[in-house]
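Structure, as structure tokens:
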Amino acid sequence: ANRGAPHPLRLSFSALDEASLHPDMLHRDLARWDCQRVGERAEIRWPADELVWLSPDAGEPLSTLDPDVTYVVSGLVDRSVVSGRSLERSRAAGGRAVRLPLR
């Protein structure tokens, strides 16, 4: 479905080796996906003004998708939730944070 979309989503995974308890399994499973695997963290790979962090702790909701920015979803493999971590990381990287418009 994504490949046939008018503006297909480009999916990138970054810093998998440092984020995962099972990096070999992730690399093997992601090999089947149409995605880019980047060794370094998002804040190192992309310029800060091109990053938008998706954080449940952000005050501003995501209202539109901008094809010129990279959206960062962090903590996908965390074992526990640490409130405020993704918002803190976005601020430290100099990026912007928004939350998904879910309630």
Side-chain angles (χ1 to χ4, degrees):
N2 185 49
R3 289 182 188 150
H7 304 286
L9 175 72
R10 191 182 82 207
L11 188 60
S12 300
F13 289 89
S14 66
L16 291 175
D17 291 337
E18 75 178 60
S20 174
L21 296 175
H22 306 287
D24 294 338
M25 181 179 68
L26 272 175
H27 285 285
R28 182 191 67 234
D29 292 343
L30 289 178
R32 295 180 285 196
W33 290 28
D34 184 14
C35 65
Q36 175 185 23
R37 288 171 296 285
V38 178
E40 63 267 8
R41 289 176 169 231
E43 59 266 34
I44 295 170
R45 173 66 172 84
W46 291 278
D49 63 339
E50 293 178 12
L51 291 175
V52 175
W53 298 74
L54 299 177
S55 171
D57 302 305
E60 179 187 350
L62 175 66
S63 56
T64 60
L65 292 174
D66 181 345
D68 296 324
V69 302
T70 298
Y71 293 92
V72 179
V73 180
S74 64
L76 288 178
V77 293
D78 284 350
R79 295 187 126 210
S80 62
V81 175
V82 178
S83 183
R85 180 175 281 173
S86 57
L87 183 59
E88 178 184 312
R89 194 162 163 201
S90 72
R91 288 178 178 159
R96 192 172 127 230
V98 296
R99 63 176 169 74
L100 292 176
L102 305 173
R103 290 284 170 198

Steps toward side chain to side chain contact (heavy atoms under 4.5 Å, CB included) verdict (Leu54, Val72): CA-CA 6 Å; Leu54 299 177; Val72 179; over 6 Å; no
Verdict with supporting geometry, Arg89 and Arg41, side chain to side chain contact (heavy atoms under 4.5 Å, CB included): CA-CA 11 Å; Arg89 194 162 163 201; Arg41 289 176 169 231; 3.2 Å; yes
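Atom-to-atom distance recorded for Arg99:CZ and Ser86:OG is 13.0 Å, nearest 0.5 angstrom. To the nearest 0.5 Å, atoms CZ (Arg91) and OG (Ser55) are separated by 8.5 Å.
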For residues 44-53, please give each side-chain donor-acceptor pair under 3.5 Å, one per line with the distance, not counting sequence neighbours.
none

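Under the 4.5 Å side-chain heavy-atom criterion for ILVMFWY residues, no single connected hydrophobic cluster contains both Leu100 and Leu87.
Each of Asp66, Leu65, Thr64 was scored for a side-chain contact (heavy atoms from CB on, under 4.5 Å) with Leu62, with one residue passing: Leu65.
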